[in-house]
Amino acid sequence: MKKIEKFSFGMGDRFAHQGKAQLQAILDARARGIELAPVWNKSNREHTIVKSEPISVRREAEAAVAALGWKGPWHVDADHISLSNVDRFIEASDFYTIDVADFTGKAAEPVEIAAFVKAVEKFLGPLAIPGLTQPLQIDRATVEKTAAKFLWSMQEAGRIHRHIAKLKGNEFIAEVSVDETDQPQTPVELLLILFMLAREKVPVQTIAPKFTGRFNKGVDYVGDLAKFEKEFDEDLCVVRFAVAEFGLPDTLKLSVHSGSDKFSLYKIINRLLKKHNAGAHVKTAGTTWLEEVIGLAEAGGEGLAIAKDIYAGAHGRFDELVKPYATVVDITPGKLPSPAEVNAWNSDDFCAALRHDLASPRYNLHFRQLVHVSFKIAAEMGARYISALQANEAIIARNVTGNLFDRHILPLFA
Ligand SMILES: [Zn+2]
């Protein structure tokens, strides 16, 4: 089995032009003593919208690694795959995010639920877990409810894992994600989910639960910070316990599907990782696409014209573009500027509205979220968009690298 490093950082690149700028942020981190394994992630959903093939992500990563002389480990993540679409990722990826959220709630065979409940019996009652001040309370009713909700989906994770292993052997990293479910998972549910995976013999190395609060795309966290801190603290203890008790890989760690830009959580995550001497995988994605648009707007001329056209197109196709992301954006249409207003903006106005600077009164999180989901418009521009990326490579790269390093990596890992 291929093992994941202690700290890894996921980066998405919709149009496959920012690999070098992203890797530069990892090199900048290394210069500050922060060792991160870069992971390029792209979901089937993104490939479908942009009309790209998974192998393009590997080619881009290889080119960036060669150009910058990166000697460390790196990975390509087939993000949020299922049995129905994983085959196209077999050659391109060495990291698979097995997404079984859609299967939660589908009941497993009663006999298998009964067998699971029986296997959990030894953990019933107050369960002392190293690192936790309070023992976890695990009762039979909770176990039965959790089995009814998750056992089938973890069996599905087993089916997907075996399918990948059959096609490519065991040299890959398995992540299991349940972050796109309706309800956040409690630490007890996380523990039971990990037990299910161990029983399914899935050598899971990163687990992505749904945490409490809203993780909207490209904007800051919305939720109770104290509640998140307590939950994350407990989850870290649960993960360590699961490694010791269930025989899961000792590299197992939490994966935070951040939706990018969860600035108010980063300092909490940083503190807790240090407290527990724990590793983590943190995924970002659309934040790089937004920096591309910022870079184009900053460049002015045709770059700014493209940025405005993307917004005008997105504004006119709001429902269509928001639909695939409906559960992970919160856009108030009344807070969006009209395309006519935006067309009158200069570079500075556009960048100030879009750039994720919480201290700036001109920052507009509704505008930012709409641009986040509008990469389809840029994909439809085809050569016009790609030529602009090439023509403005330096200015975009500065934004991409600076955003990842200053706003994400330093607060999370320094
Ligand atoms: Zn996710």
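Because the structure is predicted, anything quoted here is derived from the model rather than measured. Just follow the structure's listing: the first ligand is 1, and inside any ligand the first atom is 1.
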> Glu189: which residues meet the salt bridge (Lys or Arg N to Asp or Glu O under 4.0 Å) condition with it, sequence neighbours left out?
none
> Can you confirm whether the side chains of His257 and Glu180 place a donor and an acceptor under 3.5 Å from each other?
no
> If I compare all heavy atoms of Leu296 with all of Asn392, which pair ends up nearest, and what's the gap?
CD2-ND2, 3.7 Å
> Given the side-chain rings of Phe350 and Tyr311, with only the six-membered ring counted for Trp, is the space between their centroids under 6.0 Å?
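Ring centroids of Phe350 and Tyr311 are no less than 6.0 Å from each other.
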> Assess the residue pair Lys42 and Glu60 against the criterion (salt bridge (Lys or Arg N to Asp or Glu O under 4.0 Å)); give the C-alpha distance rounded to whole Å, side-chain angles, the decisive distance to 0.1 Å, and a yes or no.
CA-CA 12 Å; Lys42 196 163 182 179; Glu60 181 200 10; over 6 Å; no
> Ignoring water, what protein N, O or S atoms are under 2.8 Å from the Zn ion (ligand 1)?
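You should have found His80 NE2, Asp179 OD2, His257 ND1.
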> Measure from NZ or CZ of Arg45 to the centre of the six-membered ring of Tyr325, then state whether that distance is under 6.0 Å and the direction lies within 45° of the axis.
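Judged by the rule (NZ or CZ under 6.0 Å from the ring centre, within 45° of its axis), Arg45 counts as positioned above Tyr325.
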